[in-house]
Amino acid sequence: MSSPAALREGYEHFDPRAYLRNNYLPPRADFSSEEFVVPWKLRCLAETFASGEIRGRTLIDVGSGPTIYQLLSACDHFEEIVATDYLAVNREELGRWARGEPGAFDWSPFIQHVCKIEGRGEPWQDKERRLRQRLRRILPIDVHRPEPLGAPLLPRADALLSAFCLEAVSPDRAAFVRALAHVGNLLRPGGHAVLLGALGESFYLAGPARLPVVPLEESDVREALAAAGFALRELRSYAMPPALRTGVDDVDGVFFAHAQKPLEG
Ligand SMILES: C[S@@+](CC[C@H](N)C(=O)[O-])C[C@H]1O[C@@H](n2cnc3c(N)ncnc32)[C@H](O)[C@@H]1O
Ligand SMILES: O=[N+]([O-])c1ccc2c(c1)CN[C@@H](CO)C2
């Protein structure tokens, strides 16, 4: 059980480049087998968006951090992608990539892999260009506030995406459920929520920062979604293999959830 103070302190020292190195370079960013975690995450996202059922004007990504991999399959189905993060250093990192500036993180291996598994023979530069065109806003967010963006998102988003954020910013499970309910308010009734997150994790490192994480089991995710008023469509889990337990965290696995906000919501 961590505390809001430990979280605030931790995120003051969060180093985006260290975070990217820890999770989005080898060995975790190994595309050679579907057995590895990044191909598993990208496949979950590609399969969920491939049907075209999840589409609309706006998708909001909650707690984007310095990463864009989570948007690569979604971006084909929305006119506007809104990225968000609590830290300016992460919003700045996203902005560098969005503007194609030198020194930005190289996501091309991820974009190439997504184009390959989407199987449309799309040149990866086209996908990269489309995401850059559609990534229109990079906003501050705090999921602990009932209005996470500080003001209502109008019109509300047609879809909500969030990867490794809520459990990494909540001191306990009750706070996790509240945060989920808060971000659920950004979503229109009938809108879809796609969540990725850590299972059984109690901490992760990002350079000088050591961030506490509320350890979740799959059942906690299921209960939190129900408590926040979502109807669960799909919940899958991945067990982190020993080779990917590198010491940058104590994560046991990854969950992938697709849920929907009821129409009468
Ligand atoms: C583990 S990172 C996830 C980054 C990225 N989505 C990914 O998939 O790797 C968690 C993110 O939550 C952000 N964060 C911290 N406190 C937050 C808060 N109160 N509300 C929203 N996001 C917050 C951090 O700045 C960080 O970028
Ligand atoms: O294996 N991964 O692809 C991966 C990616 C991101 C993150 C993790 C694992 C585990 N730690 C979380 C922060 O709570 C961030």
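A quick note: this is a predicted structure, and the numbers were derived from the prediction, not measured. Just so you know, ligand 1 is whichever comes first in the structure, and atom 1 is the first atom listed for that ligand.
Proximity to K41 (heavy-atom distance under 4.0 Å) selects the following atoms of ligand 2: 3 (O), 5 (C). The contact set between ligand 1 and N90, taken as ligand atoms under 4.0 Å from a residue heavy atom, comprises 25 (O), 26 (C), 27 (O). Atoms of ligand 2 found under 4.0 Å from any heavy atom of V37 (numbered from 1 in listed order, with element): 1 (O), 2 (N), 3 (O). With ligand atoms numbered from 1 in the order given, ligand 2 contributes 1 (O) to contacts under 4.0 Å with heavy atoms of M240. For ligand 2, the atoms closer than 4.0 angstrom to any heavy atom of Y204 are 13 (C), 14 (O).
For atom 15 (C) of ligand 1, the nearest non-hydrogen atom of the protein is V169 CG1, 3.4 Å. When only non-hydrogen protein atoms are considered, atom 14 (O) of ligand 2 lies nearest to E201 OE1, 2.5 Å.
Inclusion of G63 in the set of residues having an N or O under 3.5 Å from an N or O of ligand 1 is warranted. When only interatomic distances are considered, the shortest N/O to N/O separation between Y19 and ligand 1 falls below 3.5 Å.
Between H192 and H258, the ring centre distance stays below 6.0 Å.
In the displayed structure, R173 atom CZ is contacted under 6.0 Å by at most 12 heavy atoms of other residues, nucleotides or ligands.
Counting heavy atoms under 4.0 Å from ligand 2, residue Y238 does not touch it at all.
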